[in-house]
Engineer: 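My questions will all concern the structure given below.
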Amino acid sequence: MIAGFNHSRHFKDSILMFRDMHSEGFKPDGTSISSVLPAVTGCVEGALKRFKQFKRQGLNLNVVSWTSMIASCSQNGKDMEALELFREMQMEGLKPNSVTIPCLLPACGNIAALMHGKAVHCFSLKNWVSNDVYVGTALIDMYANCGRIQLSRRCFDSMPRRNLVSWNALLGGYAMHGKTKEALEVFNLMQKSGQEPDFISFTSVLSACSQGGLTEEGKFYFDSMSKDYGIEPRLEHYSCMVSLLGRAGRIVEAYTMVKQMPMEPDGCIWGPLLSSCRVHHNLAIGEIAARKLFELEPNNPGNYVLLSNIYASKSMWVEVNSVREMMKSKGLRKNPGCSWIEIKNKVHMLLAGDNLHPQMPEITKKLGELRVEMQKSGYLPHTDFVLQDVEEQDKEEMLCDHSEKLAVALGLLNTSRGFPLQVIKNLRICGDCHAVIKFISEFEDREIFVRDTNRFHHFKDGACSCGDLW
DNA sequence: CTAGGGTTAG
């Protein structure tokens with residue numbers, strides 16, 4: 001009955017019913033709990049709290065109750081909590097099954113917790129659930145999100161059965177890693193094996209072309225999508241095309257496309273247009289894009305920062321200040337940069353400008369030493385990117401370091417030479433960090449994987465897989 | 001007695 005209410009989204013009724021059941025003296029079991037959980041997952045925090053209460057009250061939580069709690073956590077940014085729940089449920093003597101695993105794996109991928117992900121992979125092998133299509137697909141995605149695209153491929157190849165989602169997961173993985181050639185190969189292979197692509201396959205194909213700078217090929221696939229496959233382009237596809245043209249410096253062409261698209265452009269269209277205007281110093285179109293974005297997403301600080309950067313790169317300080325004033329009047333601050341790194345099964349979070357990490361003095365010392373080495377080899381800081389940070393709140397950030405540098409330094413300090421590092425960041429990597437990490441990869445002989453909001457950067461022997469194009 | 005909880009892009 002409760003499940004019925006929940007299904008029809010009468011969440012309030014299902015919670016009331018749950019309460020009545022209690023007062024009538026019925027003890028809820030795992031089934032009724034898993035039915036009522038989605039009703040409170042409108043807010044994960046609330047659901048987690050309720051769940052812990054149920055557990056304390058000694059209610060019979062079953063595999064489904066635990067699984068749905070894990071799913072709510074990994075779908076709502078509570079990745080560490082999801083991992084913790086997985087551990088707890090096993091301590092309670094419950095055995096995760098082939099549904100629990102694909103609920104949990106995205107949590108490992110989200111925070112690039114490779115060791116945790118590998119442990120879950122081992123668990124699914126030992127418990128004979130690794131042949132499940134959902135499990136296999138979730139593994140492909142997890143390894144791709146942890147920077148190990150070769151392992152994604154190995155999982156894919158070993159799957160006894162695959163579906164559209166499995167193909168898309170691999171295709172998307174290659175796209176995110178900027179492996180354009182491999183992505184297009186997979187796209188062809190999937191069709192040869194009889195799997196029709198869908199609109200998600202095309203977002204990956206287009207974004208792979210964009211990452212690899214294959215402008216003409218991207219235009220070809222975009223046209224072919226509706227012509228040969230009968231898939232009408234959606235906002236996401238136009239968004240990829242704007243990035244593709246913008247990256248190639250063809251800003252006017254990108255803007256023309258935006259004006260001619262059949263649906264109303266939103267932030268996912270104007271955003272990439274503004275970014276490419278920042279990269280290619282196009283003030284006129286940048287101002288148009290920014291004005292639209294200020295209407296569509298007035299509280300997104302990134303847009304103000306981008307426009308002000310365009311002004312700053314042209315030394316238009318009056319305009320820089322007026323944008324900063326707009327931000328201030330809305331009470332907006334630049335999103336704090338934040339990075340994660342997993343070291344010996346523990347995930348560390350580093351914030352630009354905070355002193356919370358106990359090893360911060362060592363980190364600062366290490367980065368100072370690296371700066372000296374870099375200067376010896378002729379490196380100059382990227383002033384273009386320092387211009388971003390002229391406002392007072394950001395001066396601290398200039399004095400200390402961006403979070404991705406802190407995370408890399410922490411990794412260097414706590415692992416032995418030759419051990420690869422991987423960092424994930426909540427914003428896009430800046431030019432200075434990119435240059436510093438390239439240097440570190442050579443000087444310290446480390447492979448370093450950095451996942452930013454856009455793609456993966458694989459630093460090795462002083463070069464990056466993105467070919468300095470991002 | 002069973003169902004229920006599931007994977008991909010942006």
Side-chain angles (χ1 to χ4, degrees), chain A residues 1-4 6-7 14 28-38 41 47 51 60-75 82 85-86 89 94-110 117 120-121 124 129-145 152 155-156 159 161-177 183 186-187 190 195 197-208 210-211 231 233-243 266-269 271-272 453-455:
Chain A
M1 186 66 212
I2 294 178
N6 246 339
H7 222 72
S14 76
D29 66 350
T31 303
S32 40
I33 289 170
S34 55
S35 295
V36 81
L37 271 173
T41 47
F51 190 82
N60 281 325
L61 299 168
N62 63 16
V63 186
V64 181
S65 333
W66 283 91
T67 300
S68 56
M69 195 63 248
I70 290 174
S72 321
C73 285
S74 56
Q75 285 160 13
L85 284 167
F86 183 67
M89 84 178 274
L94 284 167
K95 206 176 184 64
N97 61 21
S98 63
V99 181
T100 318
I101 303 301
C103 291
L104 175 68
L105 281 169
C108 305
N110 289 339
V120 177
H121 188 178
S124 54
V129 295
S130 62
N131 283 338
D132 184 282
V133 191
Y134 286 83
V135 171
T137 304
L139 282 169
I140 294 171
D141 184 54
M142 181 276 292
Y143 281 123
N145 275 321
S152 297
C155 286
F156 180 86
M159 284 170 79
R161 270 176 353 100
R162 308 170 182 104
N163 61 18
L164 175 61
V165 183
S166 327
W167 283 99
N168 280 348
L170 184 66
L171 184 55
Y174 279 129
M176 183 174 45
H177 284 259
V186 167
F187 182 67
M190 79 186 277
Q195 179 61 66
D198 70 347
F199 72 103
I200 294 181
S201 322
F202 275 98
T203 48
S204 298
V205 167
L206 295 177
S207 102
S210 169
Q211 302 284 3
I231 300 172
R234 305 187 185 192
L235 272 168
E236 302 87 304
H237 303 107
Y238 280 100
S239 168
C240 289
M241 289 310 284
V242 170
S243 304
D266 70 354
C268 84
I269 303 290
T453 42
N454 210 31
R455 59 165 291 161

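Lettering follows sequence order; numbering is per chain, from 1.
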Engineer: May I ask you to check whether A:Phe86 and A:Trp66 place their ring centres under 6.0 Å from each other?
Structural biologist: no
Engineer: Round to a whole Å and report the spacing from CE of A:Met142 to C1' of B:dG6.
Structural biologist: 16 Å
Engineer: Side chain of A:Asp132, heavy atoms from C-beta onward: which of B:dT8, B:dG6, B:dA9 has the nearest atom to it?
Structural biologist: B:dG6
Engineer: Tell me: CG of A:Leu105 to C1' of B:dG6, nearest whole Å?
Structural biologist: 11 Å
Engineer: Would you kindly give the CG-to-P distance between A:Asp198 and B:dG10, to the nearest whole Å?
Structural biologist: 13 Å
Engineer: Does some side-chain heavy atom of A:Asp141 sit less than 4.5 Å from a side-chain heavy atom of A:Leu105?
Structural biologist: no
Engineer: Nearest of B:dG4, B:dG5, B:dA9 to any side-chain atom of A:Val63?
Structural biologist: B:dG5
Engineer: Is any side-chain heavy atom of A:Thr137 less than 4.5 Å from a side-chain heavy atom of A:Met159?
Structural biologist: yes
Engineer: Taking the minimum atom-to-atom distance to the side chain of A:Asn97, which one of B:dA9, B:dG5, B:dT7 wins?
Structural biologist: B:dG5
Engineer: Between B:dG6, B:dG4, B:dT7, which one does the side chain of A:Ala138 approach most closely?
Structural biologist: B:dT7
Engineer: Listed by chain and number, what are the side-chain hydrogen bond (donor to acceptor under 3.5 Å, both in side chains) partners of A:Asp266, not counting sequence neighbours?
Structural biologist: none
Engineer: With sequence neighbours left out, what residues match A:Ser201 under side-chain hydrogen bond (donor to acceptor under 3.5 Å, both in side chains)?
Structural biologist: A:Asn168, A:Asp198
Engineer: What's A:Cys103 touching, base or sugar-phosphate or nothing? Going by heavy atoms closer than 4.0 Å.
Structural biologist: sugar-phosphate
Engineer: Under 4.0 Å from OP1 or OP2 of B:dT8: is there any side-chain N or O of A:Gln75 that close?
Structural biologist: no
Engineer: Would you mind reading off the distance between A:Met159 atom CE and B:dT8 atom C1', rounded to a whole angstrom?
Structural biologist: 11 Å
Engineer: Choosing from B:dT7, B:dG5, B:dT8, which nucleotide comes nearest the side chain of A:Thr100?
Structural biologist: B:dG5
Engineer: Pick base, sugar-phosphate or nothing for A:Phe199, based on heavy-atom distances below 4.0 Å to the nucleic acid.
Structural biologist: base
Engineer: Which listed nucleotide (B:dT8, B:dG5, B:dG6) is nearest to the side chain of A:Tyr134?
Structural biologist: B:dG6
Engineer: A:Ser166 near the nucleic acid: base, sugar-phosphate alone, or nothing, with a heavy-atom cut-off under 4.0 Å?
Structural biologist: nothing
Engineer: Between B:dA9, B:dG6, B:dT8, spot the one nearest the side chain of A:Val165, thanks.
Structural biologist: B:dT8
Engineer: Would you kindly give the CZ-to-P distance between A:Phe86 and B:dG5, to the nearest whole Å?
Structural biologist: 20 Å
Engineer: In whole Å, I'd like the distance from the CG atom of A:Asn168 to the P atom of B:dT8.
Structural biologist: 11 Å
Engineer: If I take atom CZ in residue A:Phe156 and atom P in nucleotide B:dT8, what distance separates them, rounded to the nearest angstrom?
Structural biologist: 16 Å
Engineer: Given atom CE of A:Met176 and atom P of B:dG10, what is their separation to the nearest angstrom?
Structural biologist: 8 Å
